[in-house]
*Asks:* 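Pasting a structure below so you can have a look.
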Amino acid sequence: MNLTGKQLIGFQTKAAGHRNFQGIQAASGEALPQVFVEATADEAHEALTKASAAFKVYRNVSDGERAKFLHAIAEEILVIGDVLIQTACAESGLPEARITGERGRTIGQIQAFANFISNPSWKREIVDEAMPERQPLPKPRLVQKQIPLGPTVVFGASNFPLAFSVAGGDTLSALAAGCPVVFKAHPAHPNTCDLVGQAIQQAAQKTGMPDGTFSLVHAQGHEIGGYLVTHPLTKAVAFTGSYRGGKALFDLAVRREVPIPVYAEMGSINPVYLFSDRLATQGEGLADAFSQSICLGVGQFCTNPGLIVILEKDREFLTSLAAKLDHMPLGTFLTAGIKQSFEHGFNTLNHHPATQRLTASSTPAPSLFSTSVREALAHPEVLEEVFGPCTVAVVCQDLAEMIAFTEQLPGQLTATIQAEPSDLVNLAELIDEVSQKVGRILLNGFPTGVEVSAAMVHGGPFPATSDARSTSVGTEAIYRFTRPVCWQNF
């Protein structure tokens with residue numbers, strides 16, 4: 001498969017624009033050879049016009065035929081072979097084993113959605129039979145089921161060049177639901193996006209899907225993204241990235257003449273609560289596992305544990321954890337921008353009067369800072385996400401203060417409780433409060449790593465996401481792109 005460097009507009013390639021850019025090797029900062037042409041507004045309009053026309057056909061394609069389309073996408077991705085792995089590694093700086101595993105996860109997600117829609121129950125049909133003899137008025141027959149929303153715009157994430165990108169969960173859940181997708185490629189990995197975009201394009205052609213079922217456009221700036229969100233033919237948006245980016249798209253969508261749903265995952269510091277009996281029996285192992293979780297993928301996971309909540313009497317654990325982090329290397333960041341952002345976040349915490357650095361390095365490195373509940377609440381900026389291997393510990397005087405602090409936390413994707421049964425007997429109130437703040441609670445684990453399954457919730461209250469009722473991982477993600485309709489007396 002050859003790179004195009006162009007927009008994939010339905011079954012065609014287009015390059016009418018005059019602004020070019022190239023992908024960057026994350027490790028070296030050098031430009032990759034393929035030149036990409038940025039999309040024009042006219043090309044974005046054509047992609048959505050084709051998607052709207054395709055929707056009239058695609059929404060009526062049988063579940064079985066759509067499942068074949070999804071399986072074909074998986075097959076076409078595998079056909080790309082090692083070229084896809086090598087390209088994604090070059091653009092992301094991630095190791096081959098990580099990208100190979102991510103490809104496997106991507107294929108698994110695709111197959112999961114194909115299998116899910118192969119069972120008619122996915123439409124959640126509810127039947128209320130008629131009662132013609134009911135008095136004083138007869139009851140009509142009512143049938144409710146889910147139907148697709150329409151053309152969906154999906155924005156790729158920087159930290160998962162495969163699993164949260166062109167053929168990631170957002171795209172596949174929308175396609176599974178019966179919604180054509182216009183994908184805004186992430187400029188951090190345009191070559192990877194091009195390859196996977198062509199795979200979807202070819203799968204659509206081979207399985208007889210309508211022209212316009214899938215399109216992909218490139219752009220470095222924000223103009224094309226804003227245009228896609230505000231275009232009257234767009235019916236829904238999915239985004240994974242920063243709070244600033246997700247909130248900007250959300251604001252654009254709700255200010256439209258006809259507002260549309262935006263499912264934005266926007267970041268999280270994922271608190272980990274540590275308790276005495278657990279630390280007494282597992283302290284050394286926890287310090288080692290915790291340091292690994294903080295530094296996994298250079299801390300560039302939305303589920304990275306960026307906050308520790310611990311009691312004053314257990315503070316000694318922080319010394320052990322800091323010592324572990326001092327031996328962890330600082331790896332290659334996904335982009336120069338993410339590296340600069342991490343350095344800024346580190347320096348802000350390092351010089352902030354409300355925090356104390358517990359790790360040794362005074363320059364950006366895997367880091368642990370501490371603060372008190374009083375200081376954290378007085379200076380909420382110390383709890384802002386630092387995207388990278390950096391964690392802040394909030395030290396609480398007692399359980400009551402821990403609960404009071406939790407009440408003040410903003411929404412999160414996850415929270416973790418590290419506790420023995422002897423700890424848990426006193427934690428019912430805390431766990432209840434935590435449940436109000438997150439989409440997923442873990443017991444005696446770490447939040448990095450998200451299982452793709454029907455029960456998974458990868459979401460959470462604002463500002464973790466723009467809609468706490470949804471998930472972007474697992475088969476329940478499909479319902480972001482459907483709505484219920486009731487048929488009466490049909």
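Each residue takes its place number in the sequence, starting with 1.
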*Asks:* Compute the centroid of each ring, for Phe342 and then for Phe387, and state whether the two points are separated by less than 6.0 Å.
*Replies:* no
*Asks:* On a heavy-atom basis, which atom in Glu420 and which in Thr281 lie closest, and how many Å separate them?
*Replies:*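 Residues Glu420 and Thr281, closest heavy atoms: OE2-OG1, 3.7 Å.
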*Asks:* Would you mind checking if Asp170 and Arg480 are paired as a salt bridge, meaning a charged N to carboxylate O distance below 4.0 Å?
*Replies:* yes
*Asks:* Identify every side-chain donor-acceptor pair in residues 447-456 under 3.5 Å, counting partners at least two apart or on other chains, and give the distances.
*Replies:*
| residue | atom | partner | partner atom | Å |
| --- | --- | --- | --- | --- |
| Thr448 | OG1 | Ser293 | OG | 2.8 |

*Asks:* Ignoring hydrogens and angles, tell me if any N or O in the side chain of Asn115 forms a donor-acceptor pair with the backbone of Gln111 under 3.5 Å.
*Replies:* yes
*Asks:* Is the closest basic N to carboxylate O distance between Glu102 and Arg105 below 4.0 Å?
*Replies:*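 A salt bridge is absent here (no side-chain N lies under 4.0 Å from a carboxylate O).
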*Asks:* Examine distances only and state if a side-chain atom of Ser92 and a backbone atom of Leu94 form a donor-acceptor pair shorter than 3.5 Å.
*Replies:*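 It does hold such a pair.
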*Asks:* Using modelled atom types only, decide if a donor and an acceptor are shared between the side chain of Asn444 and the backbone of Ala419 within a distance under 3.5 Å.
*Replies:* yes
*Asks:* Look at Glu38 together with Lys6 and state whether they make a salt bridge at an N to O cut-off of under 4.0 Å.
*Replies:*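 Result for this pair is no, no salt bridge flagged.
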*Asks:* Minimum heavy-atom separation for Leu84 and Arg103, please, with both atom names.
*Replies:* CD2-CD, 4.3 Å
*Asks:* Is it true that Thr471 and Glu476 share a donor-acceptor pair across their side chains at a distance under 3.5 Å?
*Replies:*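 Judged by distance alone, the side chains do not pair up.
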*Asks:* On a heavy-atom basis, which atom in Ser361 and which in Phe346 lie closest, and how many Å separate them?
*Replies:*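 It is O-CZ, 3.6 Å.
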*Asks:* Quick one: do the Ser372 and Glu375 side chains pair a donor with an acceptor below 3.5 Å?
*Replies:*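 No, no side-chain donor-acceptor pair sits under 3.5 Å.
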*Asks:* Please tell me if the side chains of Phe369 and Thr391 come closer than 4.5 Å, counting only heavy atoms from C-beta onward.
*Replies:*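 A side-chain contact under 4.5 Å is absent here.
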*Asks:* Within 45 degrees of the axis of the six-membered ring of Phe160 and under 6.0 Å from its centre: does Arg98 put its NZ or CZ there?
*Replies:*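 Because its charged atom sits under 6.0 Å from the ring centre and within 45° of the axis, Arg98 does stack over Phe160.
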*Asks:* State, without any angle test, whether Glu433 and Thr406 hold a side-chain donor-acceptor pair at a distance under 3.5 Å.
*Replies:* no
*Asks:* Do Glu265 and Phe239 come close enough that some side-chain heavy atom pair is under 4.5 Å?
*Replies:* no
*Asks:* Quick one about Asn159 and Gln300 (side-chain donor to acceptor, distance below 3.5 Å, no hydrogens or angles considered), yes or no?
*Replies:*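 No.
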*Asks:* Mind checking whether His218 and Phe36 have parallel, tilted or perpendicular rings, split at 30° and 60°?
*Replies:*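 Taking Phe36 first and then His218, their aromatic rings sit tilted (interplane angle of 30° to 60°).
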*Asks:* Between Asn270 and Thr414, is there a donor-acceptor pair closer than 3.5 Å when you use the side chain of the first and the backbone of the second?
*Replies:*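 A pair under 3.5 Å: yes.
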*Asks:* Is the Phe317 to Phe275 ring centre distance short of 6.0 Å?
*Replies:* no
*Asks:* Does a donor on one side chain sit under 3.5 Å from an acceptor on the other, for Thr465 and Asp467?
*Replies:* no
